[in-house]
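Note sheet for the following structure.
As the structure is a prediction and not an experimental result, all values here were calculated from the model. Each ligand, and each atom within it, is numbered from 1 in the order the structure gives.
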Amino acid sequence: MPQTTRRALAASGLAMLAPPRAARAQGATPAFPTRAITLVIPFAAGGPTDIVGRLLAETMAQGLGQPVVVENTTGAGGTLGAQRVATARPDGYTVLLHHIGMGVIPTMYRRLAYDPVNGFDPLGLVTEVPMTLVGRKDIPASSLADLVAFMRAQGDRFNLADAGIGSSSALCGALLARAVGARPTVIPFRGTGPAMQEILGGRVDLLCDQTTQTTEYIRAGSVKVFATPSRQRIATLPDIPTTTEGGLPGFEVTVWHGLYAPRGTPAPVRARLTGALQAALREPKIVQRFAEIGTAPVSQADATPEAHQRFWTADIAKWKPVIEAAGTYAD
Ligand code: MLT
């Protein structure tokens with residue numbers, strides 16, 4: 001820079017805005033984070049994604065040295081929360097916890113105001129959670145076979161709560177309806193937290209939901225549980241039969257969760273977030289609480305952007321033909 005220009009800049013104060021020469025030479029990036037981070041949960045407070053997200057936020061905040069504030073941006077089957085993050089400034093201060101919806105939304109939604117595949121940088125997987133089919137306590141069925149018969153007999157008088165097209169409860173409900181050959185009336189909510197309140201109140205018949213929310217209600221006997229759509233029984237709820245054992249073979253869905261930043265977030269910022277995620281998943285408090293609600297943190301190798309990207313890409317490919325065959329589109 002010529003001396004005269006430098007002098008002119010210094011005189012105007014603008015030189016103060018330029019990064020120090022040493023920092024520019026080493027390609028140094030500003031410290032991160034220097035303020036609170038927003039963790040967007042695309043479903044209602046109190047539900048299973050929110051339960052996992054708040055545990056994660058609290059624990060990651062300790063590692064990051066800044067608050068991690070949960071924001072429930074709900075609606076449209078989790079797509080509004082995803083859109084909020086895909087279109088946020090890619091600076092690491094707005095991140096998303098989302099689930100299997102990231103695998104089905106790219107096929108289920110043919111029109112979206114964000115890119116459901118290229119709008120994000122995956123930061124790492126978080127956990128895999130089994131699902132359970134739970135019903136109001138006084139539903140006149142005491143096994144999966146009874147439930148199937150009841151659903152068939154009731155037709156559209158039978159109702160099924162879910163968290164909207166793109167949610168895990170909706171995917172599970174659609175697979176159940178197809179396996180049973182029934183057409184229940186679907187009642188969508190902004191998350192299965194509020195849906196569960198309707199099951200508890202006896203106003204809705206059935207909900208397919210994650211153990212992170214259902215475990216305590218199953219143990220307390222406040223809902224009736226019929227099966228888990230998992231390959232194996234759930235270690236913490238061993239009395240619940242799998243759907244295959246209960247007479248609906250091949251009907252399986254397990255919910256995975258991952259953490260995302262908007263696409264274009266700088267690599268050092270992403271690395272800091274992934275490091276904080278990995279540290280959180282090693283915390284005994286998380287391991288213990290996850291175990292109590294029927295899940296476990298993923299391995300440290302899976303809490304990486306590479307493993308997350310591989311898993312996510314494979315999941316989109318896995319669900320695409322299923323959704324196309326069933327024709328369960330959002331539009
Ligand atoms: C779902 O059905 O996808 C979830 O249970 C949504 C939620 O966390 O409420």
Side-chain angles (χ1 to χ4, degrees), residues 39-57 70-85 96-109 116 125-135 159-177 184 186-200 204-218 223 225 228-230 234 251-260 289-290 293-295 312 315-316 319 322-323 328 330:
L39 174 63
V40 175
I41 307 285
F43 297 101
T49 315
D50 185 72
I51 289 169
V52 168
R54 283 177 194 270
L55 275 169
L56 201 61
V70 169
E71 177 189 299
N72 298 90
T73 305
T74 67
T79 60
L80 297 185
Q83 177 180 333
R84 157 96 171 87
V85 176
L96 173 72
L97 177 70
H98 210 313
H99 62 18
I100 190 172
M102 294 294 279
V104 299
I105 286 167
T107 309
M108 277 186 178
Y109 281 76
L125 293 167
V126 175
T127 182
E128 269 199 317
V129 188
M131 299 195 90
T132 49
L133 295 179
V134 296
N159 54 50
L160 188 64
D162 71 25
I165 295 181
S167 67
S168 57
S169 45
L171 176 67
C172 182
L175 295 175
L176 172 69
V186 174
I187 307 178
F189 292 82
R190 285 179 175 262
T192 51
M196 179 59 88
Q197 296 309 309
E198 299 308 294
I199 296 285
L200 294 171
V204 172
D205 292 324
L206 199 76
L207 173 66
C208 193
D209 201 13
Q210 300 167 62
T211 56
T212 36
Q213 169 161 251
T214 62
T215 297
E216 86 180 64
Y217 297 116
I218 292 170
V223 295
V225 60
T228 174
S230 306
I234 304 163
F251 159 40
E252 281 170 13
V253 47
T254 300
V255 185
W256 57 275
H257 295 253
L259 192 67
Y260 304 80
R289 185 62 192 134
F290 274 17
I293 52 181
T295 184
W312 180 23
D315 209 56
I316 293 172
W319 289 110
V322 179
I323 294 161
T328 42

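- A donor and an acceptor atom, one from each side chain of T192 and S169, are nowhere located under 3.5 Å apart.
- The shortest distance between side-chain heavy atoms of Y217 and D209 does not fall below 4.5 Å.
- Checking side-chain atoms of D205 against main-chain N and O of L160 turns up no donor-acceptor pair under 3.5 Å.
- V223 has its side chain within reach of L200: a pair of non-hydrogen atoms, C-beta onward, lies under 4.5 Å apart.
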Should I100 and W319 be marked as a side-chain contact (heavy atoms from CB on, under 4.5 Å) after you check the CA-CA gap, both sets of side-chain angles, and the distance that decides it?
-> CA-CA 10 Å; I100 190 172; W319 289 110; 3.7 Å; yes
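- When the side chain to side chain donor-acceptor pair (under 3.5 Å) test is applied to H98, no partner is found at least two apart in sequence or on another chain.
- Contacts of ligand 1 (protein heavy-atom distance under 4.0 Å) are F43, P48, T49, H99, A163, S167, S168, S169, G191, T192, D209, Q210.
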